[in-house]
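First listed ligand is number 1; within each ligand, the first listed atom is number 1.
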Amino acid sequence: MLKMKKGLIVAVVAALFMALAACGKSTETSSPSGAEKEGKQKITVGTDAAFAPFEYMQKGKIVGFDADLLDAVMKEAGLDYELKNIGWDPLFASLQSKEIDMGISGITITDERKQSYDFSAPYFEATQVILVKQGSPVKNALDLKGKTIGVQNATTGQEAAEKLFGKGDHIKKFETSVVAIMELLNGGVDAVITDNAVANEYVKNNPDKKLQVIEDPQNFASEYYGMIFPKDSELKAKVDEALQKVIDSGKYAEIYKKWFGKEPNMEGLKQQQ
Ligand code: ARG
């Protein structure tokens with residue numbers, strides 16, 4: 001009898017110890033990480049890093065105007081973030097599924113996109129341009145009639161081409177702007193329609209390729225880039241506030257000068273805000 005009691009006590013004490021140990025463990029695994037304790041969670045930002053000078057890969061790192069601006073904005077907002085190169089079409093799918101919290105990728109704010117996503121205040125003015133080989137007879141957008149045009153899939157470049165000439169085989173869609181330009185060099189398309197700063201950057205960095213940029217403000221309207229969020233994201237307000245501070249402090253102008261070698265014209269942007 002006595003022996004049995006002793007055995008029971010041992011068993012109860014052992015069970016208690018085990019329960020305590022388990023307790024200790026479980027509080028440990030559920031304790032918040034450093035960042036969470038300070039109220040910070042890590043924001044995942046997606047991009048398509050084949051769009052110099054806005055975002056491109058250099059020695060395994062994503063660099064460019066957008067990368068610098070994002071860094072300044074996130075620092076200002078006190079947010080931890082990671083910028084991931086996920087590609088253009090996946091960027092939109094990942095926003096839809098909320099696998100990423102936001103995107104920055106030279107993304108034009110359009111009415112159509114606004115139906116499915118939220119945008120920050122505009123941070124950059126752009127327009128579409130035509131990239132052709134030097135000596136091409138193409139002098140403006142209308143001269144592209146009957147020619148094959150390369151675009152990055154699902155971009156405003158594609159939209160601009162379709163608006164002028166309708167959908168069809170004359171418009172060849174590529175995964176990145178870089179691939180579209182390669183196709184122009186290979187003679188697979190007669191022209192590429194892409195964003196002005198990207199076309200200018202390519203021509204500047206590759207003089208041996210003998211390409212030229214044709215502007216046509218009559219046929220290509222102004223566009224404005226925004227950072228993009230899933231619909232009703234709480235991040236938008238924080239990012240807008242921080243972006244405004246980055247602009248007001250002169251940090252935006254500093255980043256702009258680093259990538260474009262001149263002062264930004266903030267008037268056009270302000271009118272859009
Ligand atoms: N601005 C154009 C658009 O929004 C092209 C952007 C492409 N950006 C990129 N990183 N590939 O449709």
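- Here the CD-CG distance, from Q152 to D195, works out to 8.5 Å after rounding to the nearest 0.5 Å.
- Considering CD1 of I104 and CG of L70, their distance stands at 5.0 Å, rounded to 0.5 Å.
- Ring pair F260/Y256 is tilted by interplanar angle, where 30° to 60° counts as tilted.
- Proximity of a side-chain donor or acceptor of N140 to a complementary backbone N or O of L142 within less than 3.5 Å is detected.
- The salt bridge (charged side-chain N to carboxylate O under 4.0 Å, His left out) check on E267 picks up K270, with sequence neighbours excluded.
- Closer than 4.0 angstrom to ligand 1 sit non-hydrogen atoms from D48, F51, E55, W88, S105, G106, I107, T108, R113, Q152, T155, T156, D195, Y225.
- Between K163 and E159 no salt bridge is recorded (no basic side-chain N to carboxylate O distance below 4.0 Å).
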